[in-house]
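Presented below is the structure to which this report refers.
Scope of the values below: all heavy atoms of this structure, side chains included, with no hydrogens, waters or symmetry mates. Every value quoted in this text rests on a predicted model; they were computed, and no experiment measured them. Sequence lines set the chain letters: A, B, ... in the order given, protein chains first and strands last, and positions in each chain run from 1.
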Amino acid sequence: MLSIKNLTKSYNGRTIFKDLSFTVAPGEVLTIVGPSGIGKTTFLNILAGLIPADSGSIELDGKELTIDGTRQGSEVGVIFQDFNLFPQYTVTENITLAPRIVAKEKKATYTKTAAELLADLDLTEHQNNYPFELSGGQKQRVAIARALAMKPGVLAYDEPTSGLDEASTERVTSIIQKLQSRNATQLVVTHDLPFAQSLNGKVLDFSKDVER
Amino acid sequence: MHYILEILPSLLDGLKLTLGVFFLTLIISLPLGVIVSMAQRSRFFALRWITNIYITIMRGTPLLLQIVFVYYGLSLANITVLPRFEAVVLTFVLNYTAYFAEIFRGGIQAVPAGQYAGARVLGMNKLQTFRYIALPQVIKTVMPSVGNEVINLVKDTSLVYVIGLGDLMRAGTIDVARDVTLIPYLLVGAFYLLLTMIFTVIMRYIEKRLNYYR
């Protein structure tokens, strides 16, 4: 369960959002919509721990997450808009790096997890490819696998359909639904309304439902 | 031909010293350059300030002058008397570390911010991020510039004659003065050319090896 309470963020004297509160339960997909520049990605970066909020709290599965923008942890699995895959590593290495050096898992454990994720996300045939050899949709699935490998409490997607063709968009929709059926807690930031509707979850419209 | 064989041993002796200065400088100043480039980006103002002054001086004055200063200056100032070879290696290391640090700084800045964000949300700490994410990308970026400096270093070693060290260049000069012929210099030139060609091939090979990704 992800629980956001009274989160407030202002930037350069402008309030981006004020007293933002909502919850996302396991098996639930919350979609945050709104036009560009409204603060969706800002919220996502605060959730990811990359930038600070002014006040409020973020609680994930009963544990309070810091909001000072200095967090270093994998509780929130982030699928960035441009994926931020590590170009010097293969698909498998991108997925296993953090389990190996951060979670300090045994080789047998992280190789098994990686193999399952690769099969699950239809990436097995690309396991030894480098990111530059992949299409946008494939890169995105690697980014999802890489986040999932660290067993995050919530998955957060930033504009997952931007730059994807229709087939890849349908594919990411079905991945999100598959993870939903496995009780993942998911949050999607998008300005693609048809895509948001296809996710069939709660929708938070930053241009209407948010105080400033 | 007979003459060439006659002067070859003294030239090879000089070559040994040239290569000694070259490899010692490279082995010490490359890792030091990484450390100094990190100091340049330190949170501590004083450290950044000192680093910048150091780099400015090292890049802003002739290497020849620096050799003279370290060798004669340190003893005149009653600090320490370094043997010639040690003084030369110290100067070259100080000088090349500054150049390498600047090259690495550029390489570090070229790593996209998203790479750091990607590493942080996976729980990596600063050291892990540097070691596993940034450094490999930095090495690839800086390799052509480092290659340039390596070639420069080969030729810069000829400056050690100023404090009377017997390198390749000096060995040639002695033969030229004694035998009144330019043949030793032709040979010396051929040696330098051969060395730079070898290192160029090696650097190209490394660059090619690093080209497995984009």
Does A:Gln88 use its side chain to pair, donor to acceptor, with the backbone of B:Ile133 at less than 3.5 Å?
-> yes

Quick check: are there more than 12 heavy atoms from other residues, nucleotides or ligands sitting under 6.0 Å from [atom1] of [X]?
{"X": "A:Tyr11", "atom1": "OH", "answer": "no"}
{"X": "A:Phe22", "atom1": "CZ", "answer": "yes"}
{"X": "A:Lys18", "atom1": "NZ", "answer": "no"}
{"X": "A:His191", "atom1": "NE2", "answer": "no"}
{"X": "A:Lys151", "atom1": "NZ", "answer": "yes"}

Residues 92-126 of chain B: residues contacting chain A (heavy atom under 4.5 Å, by number) | B:Gly114, B:Gln115, B:Ala117, B:Gly118, B:Ala119, B:Arg120, B:Val121, B:Leu122, B:Gly123, B:Met124, B:Asn125

Sorted by number, residues from residues 203-214 of chain B in contact with chain A (heavy atoms, under 4.5 Å) = B:Tyr212, B:Tyr213, B:Arg214

Of the listed residues ([options]), which shares the most heavy-atom pairs with chain B below a 4.5 Å separation?
{"options": "A:Asn45, A:Val102, A:Asp82", "answer": "A:Val102"}
{"options": "A:Ala149, A:Ser74, A:Pro131", "answer": "A:Ser74"}
{"options": "A:Ala143, A:Pro152, A:Ala98", "answer": "A:Ala98"}
{"options": "A:Thr70, A:Thr90, A:Val76", "answer": "A:Thr70"}

So what's closer than 4.5 Å to chain B heavy atoms on A:Phe86: side chain, backbone, both or neither?
-> both

So, the part of A:Arg71 with a heavy atom under 4.5 Å from chain B: the answer is backbone

Close side-chain approach of B:Tyr132 to A:Arg100, heavy-atom, < 4.5 Å | yes

Could you check if a side-chain atom of A:Tyr89 sits within less than 4.5 angstrom of a side-chain atom of B:Pro136, using non-hydrogen atoms only?
-> yes

